[in-house]
Number of protein chains: 2
Amino acid sequence: MRREGRTTLREVAEAAGVSVATCSYVLSGRAGRTTPLPEPTRRRVEEAAQKLGYKGNTAARSLRRQRSELIALVYAPPVGPWLDRLTMQCEDIAAAHGYSVIGVPVRRLDRAAQSLRVITRGHVDGAIFAPGLSDDMELTAARRSTRALMAFSDHLDLEGVDVVRNNVRQAVADATAYLLGSGRERIAFLSHATPHDDRYAGYADALRAHGLDADPELVRIGAASREEAVVVVRDLLSSPNPPDAIVSESDRGAFAALQAAVDRGFKVPDDLAVIGTGNTLEATYSSPPLTSVGMYQLDFTEMVEALFARIDDPTRPARELSMPWVLNHRDSA
Amino acid sequence: MRREGRTTLREVAEAAGVSVATCSYVLSGRAGRTTPLPEPTRRRVEEAAQKLGYKGNTAARSLRRQRSELIALVYAPPVGPWLDRLTMQCEDIAAAHGYSVIGVPVRRLDRAAQSLRVITRGHVDGAIFAPGLSDDMELTAARRSTRALMAFSDHLDLEGVDVVRNNVRQAVADATAYLLGSGRERIAFLSHATPHDDRYAGYADALRAHGLDADPELVRIGAASREEAVVVVRDLLSSPNPPDAIVSESDRGAFAALQAAVDRGFKVPDDLAVIGTGNTLEATYSSPPLTSVGMYQLDFTEMVEALFARIDDPTRPARELSMPWVLNHRDSA
DNA sequence: TTGTATGCGTTATCAT
DNA sequence: ATGATAACGCATACAA
């Protein structure tokens with residue numbers, strides 16, 4: 001909200017010797033008029049606005065237009081380079097539509113409602129929910145408070161919400177199949193909690209397709225925290241019959257596996273192949289760089305445009321876009 | 001911005017059989033009235049609002065109150081745990097003031113203006129700029145567009161902008177002095193670009209206080225990118241007279257130093273002490289965990305409250321708060 | 001104790 | 001080609 005004493009359209013109008021209506025037409029750009037604006041008048045208005053430092057009042061415009069011209073990007077830090085790309089593409093496309101972009105970092109799921117206040121209170125016209133958020137979150141409140149909602153989610157099916165499918169299950173299956181195909185035989189899975197989600201399912205799918213069953217010994221919980229994961233993987237590697245590969249439900253867990261491998265004298269990828277999930281920024285930097293399942297395609301134009309299409313017409317049928325996750329090959333597997 | 005067909009105050013008023021004014025008093029909370037509101041009326045209004053799902057219209061409220069009830073947190077990802085804390089504390093304090101918090105990630109400095117549109121267009125009442133941003137950025141436009149601005153910066157001195165001093169120079173000097181005190185004699189400095197900033201100054205200060213001069217051989221550029229830093233540090237460690245300690249201008253450079261040390265067979269911290277700057281999240285996770293200069297105190301209450309004080313009264317004199325960076329001891333030095 | 005009236009700054013319709 | 005004017009939804013001074 002602007003400081004007090006801001007220049008108003010009326011003051012510009014007086015300075016230019018025309019009416020506020022004319023000023024509005026000139027300055028808001030979008031002429032809804034039949035005839036184009038006459039050049040001399042437009043110039044006088046623009047000069048007056050310039051001289052007075054006119055900036056416009058977003059609240060007034062929002063009230064009148066029934067649009068805030070703001071969209072939100074909801075995500076859970078830390079995030080990888082793909083979010084950078086998404087942010088920048090959003091900003092560019094939004095600017096072309098006269099919109100601005102805000103970030104809504106959800107730092108703890110148990111505080112999500114608090115973080116989402118800006119959305120539920122109706123400050124934004126639309127919001128994009130990054131992967132991993134919408135499945136755990138109550139979106140109906142957000143849905144009611146915006147004109148458009150777009151979510152990266154493989155399962156979400158909510159009236160009037162556009163979705164982007166990542167096909168995570170298939171991607172993890174592909175990664176596991178890749179390991180099997182390169183001769184790995186004892187592939188462990190490091191899960192977040194009880195392993196019943198898509199990522200585990202993909203792992204199990206691949207084993208099954210290869211005629212194997214998941215060995216309970218090789219499926220461990222611990223990917224959620226780095227410290228826990230190190231302990232778990234060390235234990236795994238100390239067993240008489242250790243795994244020759246690890247698929248982790250997160251990159252975090254995979255980094256821990258890399259560390260535990262060093263601790264236990266396993267060479268990566270020779271003695272132990274490691275694949276993470278998420279394709280985070282750090283995957284590029286770890287030693288060795290981490291092979292990770294995650295986003296690859298970094299062109300979000302279609303989905304962002306779809307969001308704006310829905311902002312323009314909230315009644316249009318919900319769309320289902322597809323941006324499959326892939327295996328990003330680096331040195332760890 | 002809310003969807004069309006939202007419940008308005010007027011509809012609530014009709015349903016409750018009272019006037020919009022009364023509804024406004026009840027629902028906006030802050031009664032500017034002399035007498036408290038009578039219980040039965042208030043109940044009827046609240047029930048009607050509940051039943052109709054009344055949510056209020058932020059644009060209308062903003063226009064009337066001349067406040068957007070939004071504050072922004074401007075930062076450059078990736079960030080450490082301190083930003084998590086700051087965000088959550090902001091959200092809590094903001095909620096107590098009836099405000100919501102938005103994030104403004106500035107992912108590339110050359111696109112800062114684009115990212116800051118949400119501020120310069122007047123969507124927020126106040127903004128907090130995280131460390132490292134305000135010094136390189138043109139803040140005057142933002143200043144004019146908000147009621148309050150608070151910046152983490154050791155140098156910024158802008159009319160009407162509150163600042164938080166981190167005393168980075170002193171902190172790096174302390175870190176260097178700590179190394180000197182524990183017997184290190186050849187302390188290298190890994191800088192971002194030409195070393196003329198605060199961090200280098202602190203390093204030089206400490207050497208000087210110890211009767212030493214910075215050895216040009218030991219001052220290298222390369223902390224900006226991980227890859228570059230690894231090359232530079234490897235080179236440093238291969239020299240006939242290698243350093244026994246490295247102070248890096250960033251944690252990123254320090255991680256690279258840890259990696260280069262492994263490559264060259266140096267044990268950390270025995271053969272080589274490494275200290276980073278920034279105290280990022282990864283510092284806790286590296287092996288060994290990285291000693292790093294950075295934020296320690298994680299209570300931002302005072303500064304956030306100062307922001308709100310200025311939002312309430314933009315004419316109050318600018319404050320200068322102090323939150324000194326410190327040396328966070330871990331295993332690498 | 002409650003209601004009436006006015007204006008916040010802008011946009012869009014309609015008249016001129 | 002330009003200007004009056006009526007909303008947009010809410011908050012508040014003031015009247016009743």
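Computed over heavy atoms, backbone and side chain alike; hydrogens, waters and symmetry mates excluded. Protein chains get the first letters and strands the later ones, always in sequence-line order, with residue 1 at the start of each.
The shortest distance between the side-chain N/O atoms of Ser62(A) and the OP1/OP2 oxygens of dC8(D) is not below 4.0 Å. Between Ser24(A) and the phosphate of dA12(C), there is no side-chain N or O to OP1/OP2 separation shorter than 4.0 Å. For the pair Thr8(B) and dC10(D), the criterion of a side-chain N or O lying under 4.0 Å from OP1 or OP2 is met.
Remark: C1' of dA1(D) and CZ of Arg43(A) are 18 Å apart, rounded to the nearest angstrom. Rounded to an integer number of Å, the gap from Leu27(B) CG to dA11(D) P is 8 Å. Distance, Arg42(A) CZ to dT2(D) C1': 15 Å, rounded to whole Å. Computed from coordinates, the Arg67(A) CZ to dG9(D) P distance equals 13 Å when rounded to whole Å. Taking atom CZ on Arg61(B) and atom C1' on dG9(C), their separation rounds to 18 Å, with Å as the unit. If you take CD of Glu14(B) and P of dT2(C), they are 18 Å apart, rounded to a whole angstrom. The distance between atom NZ of Lys55(A) and atom C1' of dT10(C), rounded to the nearest whole Å, is 17 Å.
A donor atom on one side chain and an acceptor atom on the other are found under 3.5 Å apart for Glu138(B) and Thr140(B). Glu69(A) and Ser62(A) share no side-chain donor-acceptor pair at under 3.5 Å.
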#### Entry: Intermediate values then yes/no, salt bridge (charged side-chain N to carboxylate O under 4.0 Å, His left out), Arg43(B) and Glu47(B)
CA-CA 6 Å; Arg43(B) 269 256 306 286; Glu47(B) 276 163 15; 3.4 Å; yes
### Message
Between Arg319(B) and Glu302(B), does the salt bridge (charged side-chain N to carboxylate O under 4.0 Å, His left out) criterion hold? Intermediate values first, please.
### Response
CA-CA 11 Å; Arg319(B) 288 189 62 185; Glu302(B) 191 184 4; 3.1 Å; yes
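With contacts defined as side-chain heavy-atom distances shorter than 4.5 Å, the pair Phe300(A)/Met150(A) does not qualify.
Shown here are the side chain to side chain contact (heavy atoms under 4.5 Å, CB included) partners of Arg10(B), two or more places apart in sequence or in another chain: Thr8(B), Glu14(B), Val20(B).
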Tabulate atom names and distances for all N/O pairs under 3.5 angstrom spanning the protein and nucleotides 4-8 of chain C.
{"residue": "dG7(C)", "atom": "N2", "partner": "Arg64(B)", "partner atom": "NH1", "Å": "3.1"}
{"residue": "dC8(C)", "atom": "O3'", "partner": "Gln66(B)", "partner atom": "NE2", "Å": "3.1"}

